[in-house]
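What follows is one structure encoded as structure tokens, with my remarks underneath.
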Amino acid sequence: MKKYDHKRIEKKWQERWEDKGINRPNKMKGAQNTFYNLWMFPYPSAKGLHAGHAFASTGSDVIGRFKRMNGKDVFQPIGYDSFGIHGENYAIKAGKHPMELIKATTKTYERQLKSLGHGYDWTRTVTTSDADYYRWTQWLFIKLFKAGLAYRKEADVNWCPSCKTVLADEQVMTPSQAEKEPKNSKGEKVKDTGDLQVCERCGTIAERKKLNQWFFRITEYADKLLEGLEKIDWPEKIKLAQRNWIGRSEGAIINFPIVGASESVDVFTTRPDTLYGATFFVISPEHPVVEKVLNSEIKVDKEKITELNKYIKTVKSRTSQKQVRSSHVEKSVRDDESEIKSLSDSSKAKTGVFTGLYVINPVNEEKIPVYISDYVLMDYGTGAIMGVPAHDQRDYDFANKYDLPIRKVIDFDIETHSVVLKSSVKKGFIKDVEKKGWSWKKYKDWGYYVVVGQGESGEYIKLVQDKLKNGPWYVHTDGEAKKVIFKSKIFDFKENAKAKKYAESLGIPKEQIDWDDKDKYMFCHDNPGTIINSDEWNGIKVPQNIDKVVKSIETKGWGSGKTSYHLRDWLISRQRYWGPPIPMIYCEKCAGLGKSWFTENSKYENRSTKQIRNSKLEIRNSDDWSSAGWWPVPEEELPVELPFLKDFKPKGGGRGPLADSKEFLSVKCPSCGSKAEREPDVSDTFLDSAWYFLAYPLQRDKIWKKVPSETSGQDAFSNKIIEFWLPVDLYFGGAEHAVLHLMYSRFVTKVLNDLGLIDFDEPFPKFFAHGLMIKDGAKMSKSRGNVVNPDEYIEKYGADTLRLYTMFMGPMDGYPDFRDTGIEGMSRFIDRVWKLYQDGKGKMILEKHSVDILLTKLHQTIKKCTSDIQGYKYNTAIAAIMELVNLMREIIEKSQKQVRVSSTKAKARAGRQITKSVQDDKAYLKNLPALSNDTWNEALEKLTLILAPFAPHFSEEVWCEVLKKDFSVHKAKWPAYDEEIAEEEKVTIAVQINGKLRILLGVKRSVASDKKKVLELVKEEEKITDLLNNKEIEREIFIPEKIVNFVVK
RNA sequence: GCCGAGGUGGCGGAACUGGCAGACGCGCAGGAUUUAGGAUCCUGUGUCUAUUGCAGACGUGGAGGUUCGAGUCCUCUCCUCGGCACCA
């Protein structure tokens, strides 16, 4: 017998498949019963595919093959997300040009993906750095621009004052990570305070610098993105991550006039009901009012200006987490290479400076002081807050530090609430509280927070005293009438000193006596309650009735209701080389005249109704930026090709490397024809990947290469082919893209839908988030040096073995650990199955007993495999196949020895107890007449089919060469199963006494639901009668087909 | 700090709506075959007790609870991992 030769066989079929095009859909146009099976395309790194990719992509491939065998016309494309910072950085390191590098790396990827035997349609790959591709990325940019969804705004970037260059976030790190001594901008050494962020190359403290950059107004779509989540079938945790990222919160904007100035400041608050409790005001250091103060537009004392300047300077030098987030850098880059440690800490002491200004609280005309502090962020809400220390922890901390008044305006709805020091009460305390029907929850990490009903506080104090160990405890009646309580003594909180002395005399540990610190939390709460101290609002229950408050605010003209989002607009500009140039032109002359595309295309709105079908999108530009001088590159001229720059490294000046190419920059103004300049920045890689799923089905020659025009999107995106294939039926990808990529793709899809270009508004109605393969307990990464290269395993064991092994290791959404010994086991399995076909084919004559067992097992296996694959539980599907194989091997072996086969279930139990009935049945089955080998051949055939998605080469070889069936197994029909055959004839009933298993009883299915008969059978068992002897049976529990439980005294 | 996921043999992991815990595989041990090694095959393998024979007790991070019966449900508690993080 020949050994299974994976090298020869895998190569042979891979060639044949490609030859015959079995991995291509039957039809692109007019396709029916389609299944668009998409796996997140990889960034083609120079190191090539690693085993983690193999794990994920195989998971996707299995489903594709399964669907094809189930009659779907499957389209399974693949491509490369080749632009971006990964590639550029690597090219810099390797001293090569990214254009050269990408050619080699995509080649490697293609070879590797093919060697894994994945069923991709290789005729429709995309590479995002191809001009044919990014022509349309640019076209998309222009579409968004014309729809008023792109604009320019000043935004922070990391800036190295020494290198005079923009730094990507992963180039900014702590001095120890950079292995550099920190320096200031003058080159002087400074002390590492632990929160410094420096330039990777020179160790100079990084600054934040404002640059004008392009943004997409994704925030306009916040609500749509939120609503869309309701109708898509995604893992809850991913949806949740998106919801959190969007971070919608409802509240109000309230206007506070500045004392002695004509200006006023808006604040956003989710708690307008606490407006009367505002005792101070804080604005972000970057707030426009601060600037006006500094340049004396608003007058304050001179010393104040110096103080403010000093504070702003210290704040600036702190590069904090929020900036990492706002710059939208690819997460994977951060995770992989830099592992930036979190610097910000919500508990860190608040700092701030009084500005000398006051504002008027509109509700009570109170003059309240204005501070600046970095705990107020400029890019959320309005960059200003009202400080309500009684009901916001952060405001409370700030008020405490600067000794600001605290005014309570929300009353608890209950009479008594208290906090008990956990360590000072005995165990049963909480249980007793529950018994009384009082509610409670954990309070911070040191206490229980208990709420007691009206008039019950006396009873409560008694309970506490009873359960008190030794330490003190305090009760707060609504935060005011406070008491410190001991086992046998009660002090009023005003007698604090006395109480402490008493505690000391009891020998209570010091840290427990120090209750002032803990007590302070009770002055600040955000619990539901009733408004007090607020004139006409008094008595309103909040938060249920906040809308009443908002209405009142609106009628009084103090402000208005408003919804805010955490989601920020999408920063598109990258001051880099390796990306699609942003297709915009800036004309100074036009700018001087105030002209832009918008001013010259005011009739665009009218034109668009003709040109854009069903457009739901309002075409306009908002007035929050000046578009003067900006023109999109005429569509006919796309792509704006990325020139080959020898030196593509980031340069100074705050612009991308393209700014250094005069040739690239210089262009004629599309409007007036005078000398103009191209935008030198490139777009974010996430834009490339936000539409690639639309690109795959497009016809290369007819559409791809077509020169766009203003309306050509109709031909490209409204194409029939897209209608047939999209949206994607199953999107398979990593959970790490939960927010960015998946959010941006949804956004772009919704925009295209609003433009009437496509007829769906969610690109991925179904998304499966696979896990990550790890090695030696850690994520695979270059820096850890634990990357598993699939090539060597394919070489040694074959692709099918690797596929089976990675799928078998654990559930698809888990984090399986790759082990060499494990894959050897799988290799042995393949060899055994191979041997099974060689030994068994056409030679097996089975007696009826074996036929029954085999048939049952076969149908059970098909059933389990079918449902497990549908649920992405490949590991258990493969386990089931292994059980079937084991049974078939046993049949071969036993038939040679002429020994009866037992069903695997009975066999599994054999070591324990085989009951009389099972043995009787076996005797009965003995010596039944021998039958033909049909069942055996059927089993071999179906085994091949269910193995096919996991081991495509092996199954094809067996299917065509051993079983002599028609090419190809992957086009064959997935086997059906018969529910009746899958049911075993005998059921094993567990017999328990007082819940403890005593025996297992084999019973015919026909009687297994009959309580009387089963109990009769059970009572025939000697062991049971022995155990029940002399015992009084209280109850007999009977669960049909499952359990008998005798409850005895 | 907030949100989410999860703790099951030596290991990866099974266990449907509460009903035989440990499927399947790895590893390990013993045996067969072999000059030897490897490969292959057979047997065993949660822990402890018993092992001449049947067997028995305990076991899903820990503590309590509900139930005839809990890995699964409830409460607390400890730990691990992931996401977000001064979002007003």
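Protein chains get the first letters and strands the later ones, always in sequence-line order, with residue 1 at the start of each.
- In this view, A:Asp273 and A:Arg271 satisfy the salt bridge (charged side-chain N to carboxylate O under 4.0 Å, His left out) rule, not counting sequence neighbours.
- With sequence neighbours excluded, the residues satisfying side-chain contact (heavy atoms from CB on, under 4.5 Å) with A:Asn255 are A:Pro257, A:Ser264, A:Asp266.
- Checking A:Thr806, A:Asp831, A:Ile830 one by one against A:Thr801, the side-chain contact (heavy atoms from CB on, under 4.5 Å) holds for a single residue, A:Ile830.
- Within the 4.0 angstrom heavy-atom criterion, no nucleotide atom of any strand lies near A:Thr382.
- The salt bridge (charged side-chain N to carboxylate O under 4.0 Å, His left out) test applied to A:Glu250 returns A:Arg248, not counting sequence neighbours.
- For A:Tyr977, the side chain to side chain donor-acceptor pair (under 3.5 Å) criterion is met by no residue, not counting sequence neighbours.
- B:rG82 atom C1' lies 12 Å from atom CD of A:Glu736, rounded to whole Å.
- Stem list for RNA chain B (at least 3 consecutive Watson-Crick or G-U pairs, distances under 3.5 Å): B:1-7 with B:78-84, B:10-12 with B:24-26, B:27-32 with B:40-45, B:46-49 with B:55-58, B:61-65 with B:73-77.
- Checking A:Thr269 against A:Arg1035, the closest nucleotide of RNA chain B that is more toward the 5' end is the one next to A:Arg1035.
- B:rC78 and B:rC54 have their C1' atoms separated by 42 Å, given to the nearest Å.
- Set against B:rC68, B:rC20, B:rC41, the side chain of A:Arg889 has B:rC41 as its closest nucleotide.
- Between A:Tyr396 atom OH and B:rA88 atom C1' there is a gap of 18 Å when expressed in whole angstrom units.
- The side-chain contact (heavy atoms from CB on, under 4.5 Å) check on A:His6 picks up A:Tyr4, A:Glu10, with sequence neighbours excluded.
- Taking atom CG of A:Leu772 as the reference point, atom P of B:rG83 lies 10 Å away to the nearest angstrom.
- Annotation: B:rG22 and B:rU8 have their C1' atoms spaced 8 Å apart (nearest Å).
- Take A:Asp868 and apply the side chain to side chain donor-acceptor pair (under 3.5 Å) test, not counting sequence neighbours, and it matches A:Lys864, A:Thr876.
- To the nearest angstrom, C1' of B:rG18 lies 13 Å from CG of A:Asn1045.
- Positionally, the nearest nucleotide of RNA chain B for A:Pro816 lies more toward the 5' end than for the other of A:Pro816 and A:Gln992.
- In the set B:rC20, B:rC86, B:rA88, the nucleotide with an atom closest to the side chain of A:Val376 is B:rA88.
- Under the 6.0 Å cut-off for aromatic ring centres, A:Tyr380 and A:Tyr565 do not qualify, their centroids lying 6.0 Å or more apart.
- Partners of A:Ser867 by side chain to side chain donor-acceptor pair (under 3.5 Å), not counting sequence neighbours: none found.
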Taking only N/O atoms, report every protein-nucleotides 14-16 of chain B pair under 3.5 Å with atom names and distance.
residue, atom, partner, partner atom, Å
B:rA14, OP1, A:Asn875, ND2, 3.4
B:rA15, OP1, A:Lys873, NZ, 3.4

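- Put simply, CE on A:Met888 is 17 Å from P on B:rC24, counting in whole angstrom units.
- Between the P atom of B:rC3 and the CZ atom of A:Arg243 lies a distance of 16 Å, rounded to the nearest Å.
- Applying the 90° criterion around 0 to the glycosidic angle, B:rG9 comes out syn.
- Distances were taken from every side-chain heavy atom of A:Ala879 (C-beta onward) to each of B:rG4, B:rA88, B:rC24; the shortest belongs to B:rC24.
- Ring pair A:Phe808/A:Phe950: centre-to-centre distance not below 6.0 Å.
- As rounded to whole Å, 17 Å separates atom P of B:rC54 from atom CZ of A:Arg998.
- Checked against salt bridge (charged side-chain N to carboxylate O under 4.0 Å, His left out), A:Asp392 has the following partners two or more places apart in sequence or in another chain: A:Arg394.
- A:Asp813 meets the salt bridge (charged side-chain N to carboxylate O under 4.0 Å, His left out) test with no other residue; sequence neighbours excluded.
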Where along nucleotides 25-32 of chain B does protein come under 4.0 Å, by heavy atom, of base (B) or sugar-phosphate alone (S), with - for untouched nucleotides? SSS-----
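- Here B:rG83 presents its P atom at 12 Å from CH2 of A:Trp245, a figure rounded to the nearest Å.
- Closest to the side chain of A:Ile1043, out of B:rC3, B:rA88, B:rC20, is B:rC20.
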